[in-house]
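A note on names: the letters A, B, ... follow the listed sequences, proteins ahead of strands, and every chain is numbered from 1.
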4 protein chains.
Amino acid sequence: MSLNKVILIGNVGKDPDVRYFDSGTAVANFPLATSERGYTLANGTVVPERTEWHNIVVRRDQVAFVEKWVKKGSGVYVEGKIRTRSYDDQSGVKRYVTEIHADRIEFYNTGTRPADGTATNAGTGFQQGGQPQATQQATSYQQPVSQQPDISTDSNSADDLPF
Amino acid sequence: MSLNKVILIGNVGKDPDVRYFDSGTAVANFPLATSERGYTLANGTVVPERTEWHNIVVRRDQVAFVEKWVKKGSGVYVEGKIRTRSYDDQSGVKRYVTEIHADRIEFYNTGTRPADGTATNAGTGFQQGGQPQATQQATSYQQPVSQQPDISTDSNSADDLPF
Amino acid sequence: MSLNKVILIGNVGKDPDVRYFDSGTAVANFPLATSERGYTLANGTVVPERTEWHNIVVRRDQVAFVEKWVKKGSGVYVEGKIRTRSYDDQSGVKRYVTEIHADRIEFYNTGTRPADGTATNAGTGFQQGGQPQATQQATSYQQPVSQQPDISTDSNSADDLPF
Amino acid sequence: MSLNKVILIGNVGKDPDVRYFDSGTAVANFPLATSERGYTLANGTVVPERTEWHNIVVRRDQVAFVEKWVKKGSGVYVEGKIRTRSYDDQSGVKRYVTEIHADRIEFYNTGTRPADGTATNAGTGFQQGGQPQATQQATSYQQPVSQQPDISTDSNSADDLPF
DNA sequence: TTTT
DNA sequence: TTTT
């Protein structure tokens, strides 16, 4: 009788940290920022913007995808679960850290670009490819996909409404 | 033992249709498009882009918000539930139509603009406004209806007409 | 700029219909009921219980799981997306039907039992096993991996090291 | 370009702590347990059950509802967002705690009963009650309530709370 | 530490 | 057509 579900859309704070273990497994970690827009109440009270930072943990097949494509600034969609783990800090004091263990990661169209100006649009990367490996990764994400192609050219136009 | 939850982000297909009833209740309807990016499988199979159209139904306090701010082309976030209703068509044949009854609607920052070039960006629209009423609306969507200050004035009334 | 996400918890209305195609693919369909409890408003208005029926469509590896374990009465958790398809009915009139294409299905602990009295509790069913196949199925649903092309190559291996 | 959404179904670890402030606002806090069922991989590796504890924070109108109805053992559905706040501990070291700020809380039908054997079934409580206030509360949750949890057999007991 |  |  339990459900532990998290859905996040936000921006990656820095390039993922990927670690490989002797067992052959791998883990990727990166911070993800979600922001609530600030607003002003009717009574004049100003509620400022608020940014939340999430620790994303990625395992298994998605590690390779993350290592290759997810960069600082990337806009990503993350589905997963909340997990809090504890550890003893330098002083021997028990500390807790809450992480989001991702079950699914996709690029999200934010129109952002990495620092070097290269498009991070996964769709482009995957589909222009000639990179079978990347393509394969993509399919494992169901909707490989990523940042939608330039929303300004978005064909979600209402011209072909079926009703 | 039941959950019926829908989360959509997409673009509004046409200006909402708003109807008012003698009972004082109101309903807004509009089509919302979500798109799955096409992709190419490793074996060369091309899966084309696919656009899905959803019938969004809005009631109660959010109707006024929708009527005022939601337009064709708007990028919106919708949370709600699935409902399928039936009706008899012209030929007396029973037909079914599935709709998404929205519990929450927010503008979603897509940078898109409506046909007339006016920014639909909620933040901009709401905050630049100097329109206290609009601002009030906006905040009520930032903080879902359930948390509205005065539930006793909540019009969760018996307006669920059988259509 | 799009999201099409459905989360349902409900009860299966009848044994799934499973069809196999020459291409080697398979599809399972079953109706799922979600119910909203009725309630009485402060003003005495009675809002009766309401049951919603959803058409669930399952493909790929989960078909075998559904065929084997999901039965009329089963309590299941379904994650997926909304899809509306059209077809021409006997009279040549275009009809629309909305379905939920499942990306993930899990048993949900409702303590319900199928008609023959066998426990449908996934944990029980899966773990009492001595059914290696069932066990394998079970793990694939604990860690969704949902629609990956070939579950036999699924790398959901025993990599959940305690770190 | 942001979404921060959490959906939890679990059992309340202890009676909520409710605090009132001079400003007239109130906050309720309680721990919520979600559990992942353990399972055995095909290779024999046993992945044990895992219980996750979440710090739920409730504000505004739902505080009164929580104070009145939510108890240790209650099975609840919580929708909200993740927030991590920091504070300086006794040693002046900065600490972080992650909380789930609830936008919506509902009782969830698990068929369980509280320790004293009294049915906590919200539906019953709200509707049989002749407690207009309770009824009013219920409607503010849209889907006033469901049924309750099998706490008596539930091993999510609050005895091993990590906080 | 991201982004708009 | 399910379930509580």
Side-chain angles (χ1 to χ4, degrees), chain A residues 8-17 29-39 48-56 70-76 78 108-115 120 147 151, chain B residues 1-4 75 84 107-112 119 121-124 127, chain C residues 1 8-17 29-39 48-56 70-76 78 108-115 120, chain D residues 1-4 75 84 107-112 119 121-124 127 143 145-150:
Chain A
L8 304 172
I9 297 175
N11 292 280
V12 174
K14 61 175 188 174
D15 286 355
D17 171 41
N29 295 272
F30 60 87
L32 184 76
T34 58
S35 302
E36 292 178 63
R37 181 180 298 277
Y39 54 94
E49 176 184 275
R50 181 188 167 89
T51 295
E52 200 63 41
W53 286 97
H54 311 270
N55 303 304
I56 309 297
V70 175
K71 302 298 175 195
K72 174 178 176 176
S74 296
V76 297
V78 173
Y108 210 77
N109 175 27
T110 59
T112 58
R113 289 158 187 289
T120 55
Q147 313 172 359
I151 196 131
Chain B
M1 187 57 55
S2 219
L3 184 64
N4 177 352
T84 298
F107 271 98
Y108 209 77
N109 173 24
T110 60
T112 57
N121 180 295
T124 303
Q127 296 175 10
Chain C
M1 188 55 53
L8 304 172
I9 296 174
N11 292 280
V12 175
K14 61 175 189 175
D15 287 356
D17 171 42
N29 295 272
F30 60 87
L32 184 76
T34 58
S35 303
E36 291 178 63
R37 180 181 298 279
Y39 54 95
E49 177 184 275
R50 180 188 168 89
T51 294
E52 199 64 41
W53 286 97
H54 311 271
N55 304 304
I56 310 296
V70 174
K71 303 296 176 197
K72 174 177 175 176
S74 296
V76 298
V78 173
Y108 211 76
N109 174 26
T110 59
T112 58
R113 290 157 187 289
T120 55
Chain D
M1 188 56 54
S2 218
L3 184 63
N4 177 352
T84 299
F107 271 99
Y108 208 78
N109 171 29
T110 61
T112 57
N121 183 297
T124 303
Q127 296 174 12
Q143 298 172 0
V145 191
S146 319
Q147 315 131 44
Q148 278 238 342
D150 191 358

Please state how far atom NE2 in His54(C) lies from atom P in dT2(F), giving the value in whole angstrom units.
-> 15 Å
Set of salt bridge (Lys or Arg N to Asp or Glu O under 4.0 Å) partners for Asp17(C), sequence neighbours left out = Arg19(C)
What is the distance, rounded to the nearest whole Å, between atom CD1 of Ile56(A) and atom C1' of dT2(E)?
-> 12 Å
Do Thr51(C) side-chain and dT2(F) base share a donor-acceptor contact under 3.5 Å?
-> yes
Rounded distance (Å) that lies between atom P of dT3(E) and atom CD of Glu49(A) | 12 Å
Please work out if Ser2(D) contacts a base, only the sugar-phosphate, or nothing of the nucleic acid, heavy-atom cut-off 4.0 Å.
-> nothing
Over all atoms of both residues, closest heavy-atom pair of Lys14(C) and Lys72(C) | CA-CB, 3.6 Å
Could you state the CD-P distance from Glu36(A) to dT3(E), rounded to the nearest angstrom?
-> 19 Å
When the distance from NZ of Lys72(A) to P of dT3(E) is rounded to whole Å, what number comes out?
-> 7 Å
Separation of dT3(E) atom C1' from Leu32(A) atom CG, nearest Å, is 10 Å
May I ask you to say what Thr34(A) touches in the nucleic acid, namely base, sugar-phosphate or nothing, with a heavy-atom cut-off under 4.0 Å?
-> nothing
CG of Asn11(C) versus C1' of dT4(F): gap in Å, rounded?
-> 9 Å
List for me each residue that meets side-chain contact (heavy atoms from CB on, under 4.5 Å) alongside Ser2(D), sequence neighbours excluded, and say none if there are none.
-> Thr34(A), Ser35(A)
From CA spacing to verdict: side chain to side chain contact (heavy atoms under 4.5 Å, CB included), Tyr108(A), Val78(A) | CA-CA 9 Å; Tyr108(A) 210 77; Val78(A) 173; over 6 Å; no
Tell me whether Trp53(C) is stacked on the nucleobase of dT1(F), counting only the six-membered base ring and applying the 5.5 Å and 30° thresholds.
-> yes
Nearest-angstrom distance from the residue atom CG of Asp15(C) to P of dT1(F) = 14 Å
